[in-house]
**Q** 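Can you read through this structure? Questions will come right after.
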Amino acid sequence: MFRRVLIANRGEIAARVMRACGELGIETVSVHSEADRGAPWLSGATVTVCLGPPPAARSYLDADAILQAAEQTGCGAIHPGYGFLSENAVFAARCAQHGITFIGPGPAAIRRMGDKIGAKRTMAAAGVPVIPGSLDPLRSADHAAALAAEVGYPVLLKASAGGGGKGMRRCNDVGELERGFTEASIEADKAFGNAELYLEKYVDGGRHVEFQILADAYGSVIHLGDRECSIQRSHQKLVEESPSPALAPEDRAALGERAAAAAASFGYVNAGTLEFLRAHDGRTYFMEMNTRLQVEHPVTELTTGIDLVHAQLSIAAGEPLPWIQGDVRFQGHAIEFRINAEDPDHGFRPDPGLVTAVVPPAVDRPGASVRWDAGVAPGWRVPSHYDSLIGKVIVHATSRVEAILAAKQALSSFRVEGIKTTLPLHLRLLDDAGFANGTYDVHHLNRPGLLAPAKARA
Ligand code: MV4
């Protein structure tokens, strides 16, 4: 195992990775920007290093500064968390060149899944269902129109270098497709430096269901079940749960085994997530693979009892997986609520600023527990330079019904004062019939009522 690990991230995930390192007796170097000087998570580090000014490009994305910090402080490995450099194949390769272990998959696997059409081709070849459409980049608007005529309208144009909903465009007829093709290629070129597009039949509604996999360096791959992530707005997830209310146990086993086999088919190593779209007819299609730890990983940890950061560290240190698929047991139900420094009653506008008080969530019900993955503390001023996630409340209980009751208790006792957060939205969601019965889809948050300001509902 590593003696000392550099954490190339901030906020709740820096704290989360530090906790796992502490439990394993690993020293930590926490790098930070000038905006994050004195941040609450830094007090848990063995050493802190200031990288540079607040903009991420000059701090958390500055590969040179991070590699230099790792070398100067004697780190054997770098944990990238999520976002920032976590899916940057060039950075992963540069770590290797410096003799530092990147805690994640190798650069080739990151690159392969970062190219969304290449990822789709890899998965299709491994027998994973993909949405009807192109398996190669579109050559022209005419090529796109010919494919669209085959699969039928509406269709979706997607950027090969996009992902997470970025660079997508819906086209309802051939006219929209011809205009859309040109505009989408220009946009993709501007946004990603890559104009390549592909096309799929548009699947309306449905649910975002993803599978967590763990792969060691010796070809063993297991899955840790699924997460339901359909409670989202503008591709920002707000609530995630495991297991998905939409999947029967036999669907879960079949899809999970497919996901694990697909990851094994191209030699994937470390933790990864395969995202699927489950259409209303029950057909489930691969969308993308994320080659990092996800924000929502705790719901998987609570239902399986497996510490994913611990697993990532062990795999990166060359240890074989200590489990086979049959060892993985799924227990109870977990729900995560993202606490963002945003005002849900005013279009989720960011509301950074001074946190004056924090009362951690509490649960007092048999068989239920709550976890608060914090990135803030009283007296900390949330900076405006980064994304607005300040922490996550995760409940676990014996069943989904019990988990919702535990969540009501946890979130009613929970307070973050001084700034607006997404907490009021979560409390409304817990009283929503569609959430309670588990029938929601990716459009759920857009329905009138849930997102309406409190005064309009009175
Ligand atoms: C789609 C789709 C419908 N049809 N592809 C959004 C994020 C990215 N992973 C892919 N996404 C979608 N791709 C086809 N052919 C609908 C979405 C989509 C979506 C997917 C998952 C979760 C939330 C979503 C919200 C809007 C659209």
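Excluded from the calculations below are hydrogen atoms, water molecules and symmetry mates; all remaining heavy atoms, backbone and side chain alike, are included. Both ligands and their constituent atoms are indexed starting at 1 by order of listing.
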**Q** Could you list the residues that satisfy side chain to side chain donor-acceptor pair (under 3.5 Å) with His426, not counting sequence neighbours?
**A** none
**Q** Enumerate, atom names and distances included, each donor-acceptor pair closer than 3.5 Å involving a side-chain atom of residues 143-167, sequence neighbours excluded.
**A**
residue : atom : partner : partner atom : Å
His143  : ND1  : Arg139  : N            : 2.9
Lys158  : NZ   : Glu200  : OE1          : 2.8
Ser160  : OG   : Glu196  : OE1          : 3.3

**Q** If the threshold is 4.0 Å, N to carboxylate O, is there a salt bridge linking Glu176 and Arg170?
**A** no
**Q** Does a salt bridge link Arg447 with Asp441, judged by any charged N lying under 4.0 Å from a carboxylate O?
**A** no
**Q** Taking atom NZ as the centre, does Lys116 end up with more than 12 heavy-atom neighbours from other residues, nucleotides or ligands that are less than 6.0 angstrom away?
**A** yes
**Q** Could you go through ligand 1 and list every pair where one of its N or O atoms sits under 3.5 Å from a protein N or O, giving the atom names and the distance to one decimal?
**A**
residue  : atom   : partner : partner atom : Å
ligand 1 : 4 (N)  : Val203  : N            : 2.8
ligand 1 : 5 (N)  : Lys158  : NZ           : 2.9
ligand 1 : 5 (N)  : Glu200  : OE1          : 3.4
ligand 1 : 9 (N)  : Glu275  : OE1          : 3.1
ligand 1 : 9 (N)  : Glu288  : OE2          : 3.1
ligand 1 : 13 (N) : Lys158  : NZ           : 3.1
ligand 1 : 15 (N) : Glu200  : OE1          : 2.9
ligand 1 : 15 (N) : Lys201  : O            : 2.7

**Q** In chain order, what residues pass the ring pair (Phe, Tyr, Trp, His ring centres under 6.0 Å) check against Phe84, with sequence neighbours excluded?
**A** Tyr60
